[in-house]
Every structure is written in C-alpha cells, then in structure tokens.
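Quick note: residue numbers are just sequence positions, from 1. All values below were derived from every heavy atom in this structure, side-chain atoms included, with hydrogens, water molecules and symmetry-related copies excluded.
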Amino acid sequence: MPLKPTRVIRNKYPVYIISKGRHDKCLTADWFIKDKVPFKLVIEPQEYDNYVKKYPKDILQTLPFSNLGLGSYPARNWCWEDSIANGAKRHWIFDDNIRGVKRMYKGLRIRANCLDAIRFVEDITNNYTNIAISGMNYTMFGGTA
C-alpha cells in the first residue's frame, strides 16, 4: 500500500502568470500544472476563448482592459492590486515563457520542482523584515561556484 502525504504543501502567496498571445504555448502554465503549483493565468479578455481551449476556466483570470500598448506593466500592476485586495502580504508574478527552475548544487544546475523552489524563496524572504522584493534568478546570471 503506497504512503499518502499527511498534508499538502502549498505556496504561501498567490501566484500569477501574465500571458498574451501564447495560448498554444504558455510554457510556465504547463510547467506549473505539472509541478502542481496553484496559480492564476492572467489574460486579456479578447484572448479568453483561445486560452480556455487548453486551460481550465478556474485558473483563468481576465483583465479588465485590453491592448493598452504599454507592455506588461498594466497587467503586473493589476496582479499587485488584486493580491492586496485579497489580503496577501506578498505575491508572485511570472512571465509565460519559463521552461523550468534549477537549483545550484556544487557548481551544477539541477532541475528542481517549482513548488519547492517557490516555497524555499518564500521561507528565506519571510525570515527578514527588510526585504521589499525577492525572487528567482535567470540561469544566465547564476554563478558556477
């Protein structure tokens, strides 16, 4: 008989993925689903019908605006305001083109579970009172030591 976990490990803060025009190839959402990360996929209203063909309705969050021509800033600001409105102390925002996360171990980059990585960063960040923003780094910026 296989062992069942006694509790479900979840992230502490809401996770948003902002996406536009990638309903057929939203790498981050696919990865998060695989790693069982709860998240909201934040999209513009005119793209809902395309995204709902691939992703469950309950993870889709439609923005109250579309095609502002200002890049991702309005969507990021909306996520920030939404997390505050829902009582979150902090939140995560990911782009839609992330393929995975790796951790450094003895100079090697080793693929890691995203939920574990998110929880690790949350725990480290919560150990301090003077951190305004934290997150993960791109592998291109990670050292090899």
Side-chain angles (χ1 to χ4, degrees), residues 4-5 7-128 130-145:
K4 292 184 180 180
R7 65 186 178 97
V8 176
I9 297 176
R10 297 181 65 101
N11 47 301
K12 295 177 183 174
Y13 304 115
V15 176
Y16 301 92
I17 299 172
I18 54 173
S19 186
K20 185 171 182 177
R22 291 195 174 137
H23 61 274
D24 57 338
K25 195 173 183 182
C26 187
L27 300 174
T28 311
D30 297 341
W31 166 45
F32 281 14
I33 289 168
K34 181 180 135 306
D35 280 0
K36 298 180 177 23
V37 177
F39 68 95
K40 289 293 182 183
L41 184 56
V42 181
I43 58 172
E44 292 189 1
Q46 75 277 7
E47 296 189 324
Y48 179 84
D49 290 339
N50 289 329
Y51 278 87
V52 78
K53 289 177 187 173
K54 185 172 179 185
Y55 299 104
K57 289 180 183 181
D58 63 326
I59 68 167
L60 296 177
Q61 179 66 57
T62 306
L63 292 166
F65 53 80
S66 64
N67 295 322
L68 296 179
L70 300 171
S72 64
Y73 295 110
R76 292 176 189 281
N77 288 339
W78 183 90
C79 293
W80 190 356
E81 292 168 5
D82 184 67
S83 72
I84 291 170
N86 288 303
K89 183 179 172 185
R90 294 186 164 100
H91 65 278
W92 289 91
I93 299 177
F94 288 88
D95 290 333
D96 61 1
N97 62 345
I98 302 171
R99 297 175 189 202
V101 67
K102 295 180 180 178
R103 65 183 180 93
M104 294 293 291
Y105 178 72
K106 295 186 178 183
L108 300 173
R109 291 185 179 113
I110 301 168
R111 186 169 291 275
N113 177 282
C114 181
L115 186 55
D116 292 340
I118 287 173
R119 283 301 309 266
F120 179 79
V121 174
E122 288 177 341
D123 289 346
I124 294 296
T125 302
N126 287 337
N127 284 333
Y128 301 91
N130 61 346
I131 296 178
I133 188 169
S134 67
M136 298 178 205
N137 204 351
Y138 285 99
T139 52
M140 66 186 125
F141 300 134
T144 58

request  = Anything under 30° is parallel, anything over 60° is perpendicular, the rest tilted; go ahead and classify Trp80 against His91.
outcome  = tilted

request  = State, with a plain yes or no, whether a side-chain heavy atom of Met104 is found less than 4.5 Å away from one of Arg109.
outcome  = yes

request  = May I ask you to test the Tyr128-Ser134 pair for a side-chain heavy-atom distance under 4.5 Å?
outcome  = no

inquiry  = Checking the side chain of Lys34 only, and the main-chain atoms of Ala29 only, is there a donor and an acceptor separated by less than 3.5 Å?
reply    = no

inquiry  = To check you understand the geometry: which heavy-atom pair defines the closest contact between Trp31 and Cys114, and what is its length?
reply    = CZ2-CB, 3.2 Å

note = NZ (Lys40) and CG (Asp58) are apart, to the nearest 0.5 Å, by 6.0 Å

Backbone of Pro45 reached by a side-chain donor or acceptor of Thr62 within 3.5 Å = no

ask   = Is the backbone N or O of Asn67 less than 3.5 Å from a side-chain atom of Glu44, with the two atoms forming a donor-acceptor pair by type?
value = yes

ask   = Can Asp24 and Lys53 be counted as an ion pair, charged N to O under 4.0 angstrom?
value = no

ask   = Taking side chain as C-beta onward, heavy atoms only, is Ile118 less than 4.5 Å from Met136?
value = yes

request  = Taking all heavy atoms of Arg111 and all of Gly100, pick out the closest pair and write down the distance.
outcome  = NH1-CA, 3.6 Å

query = Where do Ile18 and Cys79 come nearest, in terms of heavy atoms and distance?
reply = CG2-SG, 3.9 Å

request  = Look only at the side chain of Glu122 and the backbone of Lys12, and say whether a donor-acceptor pair between them is shorter than 3.5 Å.
outcome  = yes

ask   = Does CZ in Phe120 sit with more than 12 non-hydrogen atoms of other residues, nucleotides or ligands closer than 6.0 Å?
value = no

message = Among Asn97, Thr28, Leu27, exactly one meets side-chain contact (heavy atoms from CB on, under 4.5 Å) together with Arg22. Which residue is that?
response = Asn97

task = For Arg90, check side chain to side chain contact (heavy atoms under 4.5 Å, CB included) against everything at least two apart and list the hits.
result = Tyr13, Thr125, Asn126

ask   = Which heavy atom in Ile17 sits nearest to a heavy atom in Asp95, and how many Å separate them?
value = CG2-O, 3.9 Å

query = Looking only at heavy atoms, what is the nearest atom pair of Val37 and Phe39, with distance?
reply = O-CD2, 3.0 Å

query = Quick one: do the Asp82 and Trp78 side chains pair a donor with an acceptor below 3.5 Å?
reply = no

task = State which residues pass side-chain hydrogen bond (donor to acceptor under 3.5 Å, both in side chains) with Asp30; sequence neighbours excluded, sorted by chain then number.
result = Lys54, Tyr55

task = Scan Ile93, Leu63, Asp96 and name whichever one has a side-chain contact (heavy atoms from CB on, under 4.5 Å) with Val42.
result = Leu63

query = Taking the side chain from Ser19 and the backbone from Ile43, do they hold a donor-acceptor pair closer than 3.5 Å?
reply = no

task = Answer yes or no: is there a side-chain heavy-atom contact under 4.5 Å between Leu41 and Leu60?
result = yes

ask   = Looking only at atom types and distance, does a side-chain atom of Asn50 sit under 3.5 Å from a main-chain N or O of His23, one as donor and one as acceptor?
value = no

request  = State, to 0.1 Å, how close Glu47 and Gly21 come at their nearest heavy-atom pair, and which atoms those are.
outcome  = OE2-N, 2.9 Å

